[in-house]
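For reference, the structure is listed below as structure tokens.
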Amino acid sequence: MGIHQFMADYKRVWEGQDKHGFAALFTPDGVYHNTPFQVQTGPVELAAYWARIELQRDISLRYEVLAETATETATETATGGVAHWHVEYQVASEELFKIWAASTGTGLPDRQPGDPLPRLILDGMMTAEFTAEGLCREARIWWHSMVDTR
């Protein structure tokens, strides 16, 4: 697997809300940096982190692969790459809204009791490295989010 297949699978598991499918994209000791300071390692942590997608509805992800790399050593050929991704979804629970607000560093936007939960937009970049067997060894994402005001 290279970055093109990984991003197609990333889209599939996010839109399909498949936490175990997400974990299966990685090696048994695979690492996912969902921010520069938070890391999930291995299938249990990866699936637990990805479980938050169960609190999203009407998910739409698009991406563009910006670069693909190949590295050869005496014992292994590995690939990697860089992609830009953009996702929009409807927040489906107060729990997810609070997780999102805490992760943005901006606090909770003004909402009155009974106001509908917002639709969010996340835009980000990913770098990833893959083994010769086609699994992700390490992925790093950087992203920003905002409430969809359209």
Side-chain angles (χ1 to χ4, degrees), residues 1-72 76-106 108-109 116-150:
M1 168 171 42
I3 189 72
H4 290 277
Q5 184 61 52
F6 182 80
M7 292 307 298
D9 290 340
Y10 192 70
K11 173 182 172 61
R12 176 183 51 79
V13 298
W14 197 334
E15 290 180 346
Q17 298 177 294
D18 183 359
K19 66 184 178 188
H20 297 293
F22 173 71
L25 299 175
F26 291 81
T27 61
D29 60 348
V31 177
Y32 185 72
H33 301 260
N34 68 298
T35 74
F37 307 109
Q38 292 183 324
V39 179
Q40 296 78 43
T41 303
V44 172
E45 287 183 16
L46 291 166
Y49 170 73
W50 207 249
R52 68 181 55 191
I53 63 170
E54 295 169 353
L55 305 175
Q56 303 171 2
R57 299 289 176 265
D58 189 27
I59 303 164
S60 174
L61 183 140
R62 63 183 190 271
Y63 65 90
E64 176 185 11
V65 172
L66 302 176
E68 187 169 22
T69 61
T71 306
E72 288 195 42
E76 179 179 55
T77 299
T79 62
V82 178
H84 169 239
W85 55 269
H86 181 94
V87 68
E88 299 180 18
Y89 61 85
Q90 177 63 47
V91 175
S93 78
E94 290 290 340
E95 177 188 358
L96 180 63
F97 183 71
K98 289 176 183 172
I99 291 170
W100 168 79
S103 70
T104 65
T106 59
L108 293 171
L117 290 165
R119 184 164 181 81
L120 296 181
I121 301 170
L122 283 68
D123 194 76
M125 298 292 293
M126 176 185 291
T127 63
E129 299 172 11
F130 308 98
T131 65
E133 295 76 36
L135 294 174
C136 186
R137 177 182 297 132
E138 184 170 24
R140 294 176 181 270
I141 63 172
W142 296 266
W143 54 277
H144 189 70
S145 61
M146 66 181 203
V147 172
D148 185 350
T149 58
R150 295 178 277 171

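Hydrogens, waters and symmetry mates play no part in the numbers below; they use all other heavy atoms, side chains included.
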Smallest separation among heavy atoms of [X] and [Y], with atom names:
{"X": "A128", "Y": "I3", "value": "CB-CD1, 4.2 Å"}
{"X": "C136", "Y": "F6", "value": "CB-CE1, 3.8 Å"}
{"X": "H20", "Y": "A47", "value": "ND1-CB, 4.1 Å"}
{"X": "F26", "Y": "A139", "value": "CE2-CB, 4.1 Å"}
{"X": "K11", "Y": "Y63", "value": "CD-CE2, 4.1 Å"}

Side chains of residues 78-87: which donor-acceptor partners sit under 3.5 Å, not counting sequence neighbours?
| from | atom 1 | to | atom 2 | distance (Å) |
| --- | --- | --- | --- | --- |
| T79 | OG1 | M1 | O | 3.3 |
| H84 | NE2 | D123 | OD1 | 3.0 |
| H84 | NE2 | D123 | OD2 | 3.0 |
| H86 | ND1 | D123 | OD1 | 2.8 |
| H86 | NE2 | E88 | OE2 | 3.1 |

Side chains of residues 28-36: which donor-acceptor pairs under 3.5 Å do they make with residues two or more places apart or in other chains?
| from | atom 1 | to | atom 2 | distance (Å) |
| --- | --- | --- | --- | --- |
| D29 | OD1 | T27 | OG1 | 2.9 |
| Y32 | OH | Y10 | OH | 2.7 |
| H33 | NE2 | E138 | OE2 | 2.6 |
| N34 | OD1 | Q40 | NE2 | 2.9 |
| N34 | ND2 | Q38 | OE1 | 3.1 |
| N34 | ND2 | Y49 | OH | 3.3 |
| T35 | OG1 | F37 | N | 3.1 |
| T35 | OG1 | Q38 | N | 3.1 |

* Asked: Are the side chain of E54 and the backbone N or O of Q17 linked by a donor-acceptor pair below 3.5 Å?
  ->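 No, because the side chain of E54 does not come within donor-acceptor range (under 3.5 Å) of the backbone of Q17.
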* **Donor-acceptor contact below 3.5 Å, side chain K19 vs main chain W50** =>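 Flag not set: sc K19 to bb W50 has no pair under 3.5 Å.
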So do the side chains of [X] and [Y] get within less than 4.5 Å of each other, counting heavy atoms only?
{"X": "M126", "Y": "M7", "answer": "yes"}
{"X": "L120", "Y": "Q90", "answer": "no"}
{"X": "S60", "Y": "Y89", "answer": "no"}
{"X": "H4", "Y": "E68", "answer": "yes"}

* Partners passing salt bridge (Lys or Arg N to Asp or Glu O under 4.0 Å) against E45 (at least two apart in sequence or in another chain) ->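 Counting only residues at least two positions away or on another chain, E45 forms no salt bridge (Lys or Arg N to Asp or Glu O under 4.0 Å).
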* With sequence neighbours excluded, what pairs up with D9 under the salt bridge (Lys or Arg N to Asp or Glu O under 4.0 Å) test? ->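 D9 satisfies salt bridge (Lys or Arg N to Asp or Glu O under 4.0 Å) with R12 only.
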* **Qualifying residues under side-chain hydrogen bond (donor to acceptor under 3.5 Å, both in side chains), relative to R137, sequence neighbours excluded** =>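 Here the qualifying residues are E76.
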* Quick one: pull up CZ in R140 and CD in E129 and give me the separation to the nearest 0.5 Å. =>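 Answer rounded to 0.5 Å: 8.0 Å.
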* **Nearest-0.5 Å distance that lies between atom OG1 in T127 and atom CD1 in I141** =>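 Going from OG1 on T127 over to CD1 on I141, the span is 10.0 Å.
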* Residue list, side chain to side chain contact (heavy atoms under 4.5 Å, CB included) with A48, at least two apart or on another chain ->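 By the side chain to side chain contact (heavy atoms under 4.5 Å, CB included) rule, A48 matches no residue at all.
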* L135 and F130: CA distance, side-chain angles, deciding distance, side-chain contact (heavy atoms from CB on, under 4.5 Å) verdict -> CA-CA 5 Å; L135 294 174; F130 308 98; over 6 Å; no
